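Counting begins at 1 with the first residue of the sequence. Note that this is a predicted model, so its numbers are computed, not measured.
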Amino acid sequence: MTVYNLSSVLQLHGLNLSSDSVFPAFLFATLSYMIILFCNLTLILTIVLNKSLHQPMYLILLNLPVADLIGSSAFFPQVIREILRNSGTIQYSRCVAQAFFLHIYAAGTVFSLSAMAYDRYIAICHPLQYNTVMNNGHIMRIITLVWMSCLLLIGVLFVLLLRLPRCRSVITGPYCDNPTLLTLVCADTTINNIYGLFMVAVSQVISNGMVLYTYLRILIACFKSKRTDTKAKALQTCATHLTVFLLLECLGLFTIISYRLQHVSPHLRRFMGVSTLIFPPTLNPVIYGLKTKDIREKVVLFIRNRLLSSKC
């Protein structure tokens, strides 16, 4: 007879910090979270507060820092709390909530980058129709589709998870996600595994298909263009976007696949998983803020005005 574990407290064995490494880990986690908050909030406020940036490209871009804030706020406060307390425990409800929002972050980032690729495709390949196609109504439909798709796919994933009984209470990773929560289950997880693979396949086909198609068309349009400045600007935009997308894809896919490969080192899996939650949220606002002329000028102007007003 299987004994079900209905305890609301889980054992978290993912950090295992020595006394000497507590302060460096706390400092690194706190500074990383502060940098992510500062950079992403700066990007959001710059776009929201400047009417000149209320354009399709920037309104779609706005979803990226929102997703980054969701992921980092689901991850860092819990990690910092555990570093300070060193209790090695986490509430089951808190664990499920963290896992849910981490998956929302991942899906939201991938779909937002796909939407941005579509926007750049229309802008570069069909410039004369851009304002007609990318009107306010169409932008709202794209943004709604991005987040409703995330909520639907991830919502079903967690409904399937929460219906299963638990008989274990040990989390071996530094954070909670769907695969680690499934290790606590003592029932048949075939449906969950099939749906998880289906969800990953659908999201990857949509995102990779969209990015591959749009950027192939953009590259063809660039090489056909006789204007050197237009070609250079378009290629720079593509290179920046592809760098962010490939970084997220490589880190995310390795983490997903590693759960299904027994011989992969747990330490490597943890490193890649944590990297997915640190590097993209840190680099996204820097790349899209510093590499985008309009946003960079607005940020510099705001800082300059604040410094001048403080001197007065």
Side-chain angles (χ1 to χ4, degrees), residues 32-50 52-76 101-124 134 136 138-151 153-154 203-204 206-212 214-215 218 236-253 275-296 298-299:
S32 297
Y33 188 41
M34 290 177 64
I35 290 171
I36 289 171
L37 283 178
F38 174 77
C39 292
N40 283 283
L41 286 173
T42 298
L43 181 57
I44 290 173
L45 291 174
T46 301
I47 295 174
V48 170
L49 297 178
N50 290 277
S52 61
L53 297 179
H54 292 181
Q55 302 173 27
M57 174 183 174
Y58 302 117
L59 294 177
I60 294 175
L61 168 61
L62 195 60
N63 294 276
L64 198 56
V66 170
D68 289 338
L69 288 177
I70 290 173
S72 57
S73 296
F75 173 68
F76 281 104
F101 285 110
L102 288 181
H103 283 273
I104 289 290
Y105 150 73
T109 302
V110 168
F111 289 150
S112 294
L113 289 171
S114 302
M116 291 166 62
Y118 169 75
D119 171 75
R120 291 299 83 204
Y121 162 70
I122 299 295
I124 295 171
M134 299 300 290
N136 290 335
H138 192 53
I139 295 168
M140 289 306 300
R141 284 191 291 272
I142 292 173
I143 294 173
T144 302
L145 180 62
V146 165
W147 291 108
M148 289 303 295
S149 299
C150 294
L151 290 173
L153 290 172
I154 304 304
S203 60
Q204 290 302 307
I206 292 175
S207 59
N208 287 297
M210 176 70 74
V211 170
L212 180 63
T214 53
Y215 282 106
I218 289 172
Q236 183 181 15
T237 302
C238 291
T240 302
H241 192 149
L242 285 173
T243 300
V244 176
F245 184 80
L246 290 174
L247 174 65
L248 181 69
E249 283 292 302
C250 292
L251 292 173
L253 280 177
S275 297
T276 308
L277 300 169
I278 294 177
F279 293 119
T282 304
L283 294 176
N284 287 343
V286 174
I287 290 174
Y288 287 103
L290 296 179
K291 298 288 285 185
T292 306
K293 182 181 177 182
D294 293 339
I295 294 177
R296 182 173 65 248
K298 296 297 181 184
V299 172

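Looking at Phe245 and Ser207, their side chains come closer than 4.5 Å, going by heavy atoms from C-beta outward. Looking only at side-chain heavy atoms (C-beta outward), Met134 and Tyr118 come within less than 4.5 Å of each other. Considering only heavy atoms from C-beta on, Trp147 comes within 4.5 Å of Asn63 through its side chain. Residues Leu64 and Leu43 have side chains not in contact (no heavy-atom distance under 4.5 Å, counting atoms from C-beta outward). Side-chain contact between Leu113 and Met116 is present, with at least one heavy-atom pair separated by less than 4.5 Å. You'll find the side chain of Leu62 reaches within 4.5 Å of the side chain of Val48, heavy atoms only.
Minimum interatomic distance between Ser275 and Pro280 (heavy atoms only, all atoms of both residues): O-CD, 3.3 Å. In this structure, Ile36 and Ile278 approach most closely via the heavy-atom pair CD1-O, 4.0 Å. Minimum heavy-atom separation, Tyr33 to Ser72: CE1-O, 3.7 Å.
For the atom pair CG of Leu37 and CG of Asp68, the computed distance is 11.0 Å after rounding to the nearest 0.5 Å. Rounding to the nearest 0.5 Å places CD1 of Ile142 at 11.5 Å from OG of Ser114. Taking CD1 of Ile70 as the start and OH of Tyr105 as the end, the distance is 11.0 Å to the nearest 0.5 Å. Interatomic distance, CD of Gln55 versus CD1 of Ile139, reported as 9.5 Å (0.5 Å rounding). With rounding to the nearest 0.5 angstrom, the CD1 atom of Ile47 is 4.5 Å from the CD1 atom of Ile295. Atom CD1 in Ile124 sits 4.0 Å away from atom CD1 in Ile218 (nearest 0.5 Å).
With Asn40 contributing its side chain and Pro281 its backbone, the two residues share a donor-acceptor pair below 3.5 Å. His54 contributes no side-chain N or O that, together with a main-chain N or O of Leu49, makes up a donor-acceptor pair within less than 3.5 Å. With hydrogens and angles ignored, the 3.5 Å screen pairs a side-chain donor or acceptor of Thr214 with a backbone N or O of Val211.
Side chain to side chain, Asp294 and Tyr58 meet the donor-acceptor criterion of an N or O pair below 3.5 Å.
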Identify each donor-acceptor pair in which a side-chain atom of residues 246-253 lies under 3.5 Å from a protein atom, sequence neighbours left out, and give them as a table.
{"unit_1": "Glu249", "atom_1": "OE1", "unit_2": "Asn208", "atom_2": "ND2", "d": "3.4"}

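Of the candidates Ile44, Ile143, Thr109, Ile44 is the only one forming a side chain to side chain contact (heavy atoms under 4.5 Å, CB included) with Val66.
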